[in-house]
Structures are given as C-alpha cells and as structure tokens.
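Report on the following structure.
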Amino acid sequence: MDAMADTNAPRPASNRSTVPVSDTFKDYISSKWAERPDVAPAPREQASFAAARRVALSQKYPGKRLIIPAGAAKVRSNDTDYAYRAHSAFAHLTGWGSDAVAGSVLVLEPTASGHEATLYFREAAGRDSDEFYANADIGEFWTGRRPSLAHVAADLGLNTANLNAFASVIDSVDAATLVVRGADRDITDQIDGRRLLAADTESLETDGDADLTRDLSELRLVKDAYEIEQMRRAVAATKKGFDDVIADFAAITAHERGERLVEGTFNRRARAEGNTVGYDTIAASGPHACVLHWTRNDGAVVPGDLILLDAGIELDSLYTADITRTLPVGGKYSEVQRRVYEAVREAADAAFAIVKPGLRFREIHAEAMKVIAAKTAEWGLLPVSAEESLQPEHQYHRRYMVHGTSHHLGIDVHDCAQARRDLYLDGILEPGMVFTIEPGLYFQPDDLTVPEEYRGIGVRIEDNILVTESGAENLSVGIPRTADDVEAWLAG
Ligand code: GLY
Ligand code: MN
Ligand code: MN
C-alpha cells in the first residue's frame with residue numbers, strides 16, 4: 001500500500017501516486033462526514049505524577065527554556081517505520097506512553113515563579129485538508145485519527161498547542177535554551193543553529209544539554225507510587241507470558257526453529273497485555289544461552305537442554321519488566337544443570353538478602369560474586385582460591401559471568417543510564433528504587449577451562465527488585481525460581 005498523494009507529508013510525493021486531483025474529487029471526499037463529539041476525558045492516573053516530575057525538573061533549571069522532544073517516527077525500510085515509541089524522558093514528564101503522537105515536543109518555558117509547560121503536537125487534521133486521505137505517514141485513513149488539543153490537554157493535564165506553533169519556540173531559542181539531544185535530530189539541529197546565531201560563534205557548548213539529560217535520568221532513580229504499581233503490573237503480565245511459553249512447549253520442541261515460537265508466544269502476550277516487549281526477547285536454548293543477548297532465536301529447543309528465556313512486557317505506560325528464567329526443556333534438570341542452576345540461585349538469593357536502604361548499589365554485585373567465585377572454585381574451575389579470585393586484580397570467576405548483576409529498571413529496561421556514577425553504581429539505595437538482580441553462569445561450548453559436562457550450559461536467573469522502607473521486595477518472586485519449583489511448574 002502506498003499513498004494516493006502526499007501533499008502534507010515530510011516525504012517527497014510518491015512516484016506511484018494515483019490520487020485523483022480534480023476539484024470534484026476533493027470537494028466530494030471533504031464532504032458528508034458526521035460530526036464527531038469530542039468529550040474531554042478525566043485526567044489519566046499518571047497526570048498528577050508527571051506534573052510533580054515537571055515541578056522537580058523546573059526547580060533545577062530556573063530561567064532556562066527546556067525542550068524535551070518525543071522524537072520522530074524512525075524508518076525501518078522504504079515507506080515502513082518502526083513501531084513508534086516516544087523518548088523515555090518525554091514519556092516520564094508527560095505521562096504519554098504508547099498513544100503518544102510522533103513528533104510531539106514538551107516545552108518548559110521559564111516564568112517568574114518556575115516554568116509553564118506546553119505540549120506541542122500534531123492534532124487531528126480537519127476534513128478541509130487533504131491530509132486525512134492523502135498522507136500515508138500521518139493521515140487518518142492510513143494511521144488512524146489523532147486526538148484534538150483539548151482532548152490531550154484534559155487527558156494529560158497539560159497546556160497543549162498545535163505543532164505548527166512550535167516554530168515560534170524555535171524562533172525564541174537563545175543561550176538559555178536546553179534540549180534533550182538525541183531525542184529528535186531535526187529539532188536539535190534547529191536549536192543548535194539558533195543558539196550558534198544567538199552566541200555569534202561557530203562552536204557550540206552543549207554541556208548544559210548533557211546536564212539536562214543526566215538530570216532527567218537521575219529523576220527516574222526513585223520511582224513514585226504510580227511507577228511502582230506499573231512495575232508490579234508489568235511483572236504480572238510477564239509472568240503470564242512465561243506461563244504461555246511453558247504451555248506451548250510441545251509445539252515449541254516439535255518445531256525446527258522452536259526458539260522463534262518461544263519468542264512469538266511471549267510477544268503475543270506482550271502485545272495483548274501492553275504495548276510490546278521492553279526489549280528483544282532472548283530465547284536461548286542449549287549453548288545459545290551462553291550468548292548473553294541471543295536474539296536471533298532461530299534454533300531448535302531440544303529436550304535435555306536448558307532454555308534461557310529473558311523477556312519483559314512493556315505496558316502502555318512504557319514501564320517494562322526484565323525477567324529471566326532458565327528452564328529444563330525436558331522437564332527435569334540433569335545433575336550438572338541443577339548444580340549450576342542452584343549455584344546461580346544462591347548467588348541471586350545472597351544478593352537479594354542484603355538489599356535495604358542505605359546499601360551501596362555496587363555491593364549487590366559484590367555479594368553475588370562471592371557466591372559465583374566460591375562455587376566455581378569448589379568445582380575446581382579456577383586456577384586460584386575463591387578469595388584470591390575475588391581480588392580486583394584477578395577475577396578469574398568472571399570468565400563465566402562477564403556481565404553485571406544489577407541495573408535500574410523502569411521506563412527503559414536499562415533505566416537511568418545517564419545518571420552519574422555517584423548516584424548509580426556508587427549510589428546509596430533508597431526506598432522506591434527498582435532494579436534487577438540477575439547473576440548467571442555461562443560455560444561456552446568450547447571453553448577448555450571447564451570439564452566437558454559443563455560446556456554449553458548457560459544459566460541466568462533475573463528478578464525485579466523494589467527497595468522498601470525496611471528492606472526489599474522481589475516483585476517477580478511469583479515466577480518459580482528454585483530448581484524444584486521450576487520442575488513443578490513445568491510438570492503442571
Ligand atoms: N534483558 C537484558 C538485561 O537483562 O539486561
Ligand atoms: Mn536485565
Ligand atoms: Mn534481562
């Protein structure tokens with residue numbers, strides 16, 4: 001399908017256009033449409049939380065104009081875009097998730113007492129334009145109807161304005177304007193051009209932009225009540241996806257690309273329950289489990305092997321779970337599989353046991369590594385003792401787990417990634433933080449340092465953890481974790 005015509009589109013007119021251009025046609029297609037009442041909705045639940053986040057941001061940036069674009073749709077291949085997803089900082093500050101209109105921009109305009117926020121977006125086009133039938137990128141006949149300014153203003157509790165009016169914001173850009181770079185390249189280029197003019201120089205200082213991006217990342221380190229509830233829902237939906245995969249095991253093992261069926265089954269649940277998956281599903285059977293981000297998922301799922309499933313459902317609010325279970329395809333772990341699995345579980349449990357407010361984030365990883373070092377030493381895999389291996393200059397055990405144990409989790413699967421080290425890796429845990437605990441052991445199929453029985457075994461157990469006032473809650477504890485419980489789950 002391509003567009004009949006493209007008179008409003010950012011793309012050049014199609015050389016395949018078959019649009020009738022006669023005035024008769026234009027008059028006809030513009031007429032005889034029923035009135036559409038536009039009832040303003042009550043503010044969505046997250047609106048007041050997003051407003052509080054904007055206030056927190058405003059207080060950090062007195063006198064600065066802050067521009068937070070949602071980002072444009074991204075082309076996948078000719079005439080075909082990736083599914084649209086708004087920039088995470090934009091979603092966080094507006095509460096607009098899977099239904100955000102591509103190309104929108106949030107502007108915080110400085111005032112005497114703080115900032116006034118306005119959301120610019122391309123509102124529904126009228127029947128007096130040809131956009132609705134002739135524009136394949138954004139026309140109602142092609143991609144669906146967009147909401148009105150009044151509707152979104154009520155829904156999100158924000159001032160709204162037509163995207164056309166954003167041009168005047170660009171006109172007023174000066175040295176006191178900051179933008180989230182990378183959210184929308186065109187807008188960033190326009191702002192840079194204006195700031196160069198305003199400063200009358202040829203090189204631009206963008207440290208302020210980087211600070212803004214960093215601060216927006218840090219603003220997400222502690223989740224509010226709405227976000228915590230979304231995380232619970234994302235985990236609950238993800239559990240259903242894991243259940244679906246297990247229920248499909250007969251078909252999965254019968255198919256030569258069973259990993260694709262695992263991905264498809266899980267992703268079907270993700271689309272049904274929320275927006276999509278929060279990251280490409282890792283369906284890694286047998287030695288593929290030793291590839292940390294195995295997303296090709298084109299292998300068979302063979303009884304006797306393990307399958308590592310790392311998957312998370314992203315809700316319409318864009319909050320995502322990030323959960324891994326490693327399942328014995330035939331229903332029972334072999335003796336060596338169980339040994340490795342339970343070692344990883346011990347590492348996860350040890351790390352979880354120390355989580356509480358006041359702990360340093362990186363201590364979680366250190367705690368898990370004590371178990372990983374002890375177990376690999378006990379099995380005779382290390383050239384030194386566990387204690388020696390744990391010395392920073394040795395770390396032999398890390399050959400079998402090269403990744404970290406934890407990352408913050410939320411609207412991005414790797415959330416808060418621009419936060420300063422002082423607040424992230426070296427940061428102190430606070431109630432409301434949500435992160436993963438995900439130790440693993442991966443014995444590559446050609447690793448000559450391990451006995452043959454270990455080769456090709458990869459295990460990861462990943463849970464989503466909430467720091468509470470008194471300790472921690474494992475949000476994903478309801479998804480079976482121990483070897484016995486996993487076997488019972490598969491048998492059921
Ligand atoms: N799913 C990617 C990760 O666990 O970090
Ligand atoms: Mn993770
Ligand atoms: Mn994961």
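Counting starts at 1 for both ligands and their atoms, in listed order.
- Counting backbone and side-chain atoms alike, Glu438 contributes no N/O/S atom closer than 2.8 Å to the Mn ion (ligand 3).
- Ser476 and Asp463 form a side-chain donor-acceptor contact under 3.5 Å, judged by distance and modelled atom types alone.
- Here His403 and Tyr442 bring their ring centres to under 6.0 angstrom of each other.
- If you look at His414 and Tyr279, their ring centroids are not closer than 6.0 Å.
- Residue contacts with ligand 1 leave out Val413, since none of its heavy atoms falls under 4.0 Å from the ligand.
- The residue Thr324 has no part lying near ligand 1, judged by heavy-atom distances below 4.0 Å.
- The Mn ion (ligand 2) has no N, O or S atom of His414 inside 2.8 Å of it.
- Note: an N/O pair closer than 3.5 Å links His407 and ligand 1 by distance alone.
- The protein heavy atom nearest to atom 3 (C) of ligand 1 is Asp322 OD2, 3.4 Å.
- Residue Glu462 approaches ligand 1 through these ligand atoms, each under 4.0 Å from one of its heavy atoms: 4 (O).
- Short contacts between ligand 1 and Tyr279, defined as distances under 4.0 Å to a heavy atom of the residue, involve ligand atoms 1 (N).
- For His407, the N/O/S atom at the shortest distance from the Mn ion (ligand 2) is named NE2.
- At least one side-chain heavy atom of Tyr400 sits under 4.5 Å from a side-chain heavy atom of Val450.
- Within the structure, ligand 1 has His414 among the residues with a heavy atom less than 4.0 angstrom away.
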Run the side-chain hydrogen bond (donor to acceptor under 3.5 Å, both in side chains) test on Thr213 and Gln418 for me, step by step, so that the C-alpha distance in whole Å, both residues' side-chain angles and the decisive distance to 0.1 Å come before the verdict. CA-CA 7 Å; Thr213 300; Gln418 282 80 31; over 6 Å; no
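- Of the N and O atoms on the side chains of Thr265 and Asn267, not one donor lies less than 3.5 Å from an acceptor on the other residue.
- Ionic pairing of Lys370 and Glu367 is present here: one or more N-O contacts between side-chain nitrogen and carboxylate oxygen are shorter than 4.0 angstrom.
- Of the angles at the Mn ion (ligand 3), the one spanning OD1 of Asp322 and OE1 of Glu462 is 90° when given to 10°.
- Each of Arg268, Arg269, Arg271 was checked for a salt bridge (Lys or Arg N to Asp or Glu O under 4.0 Å) with Asp244, and the lone residue meeting it is Arg269.
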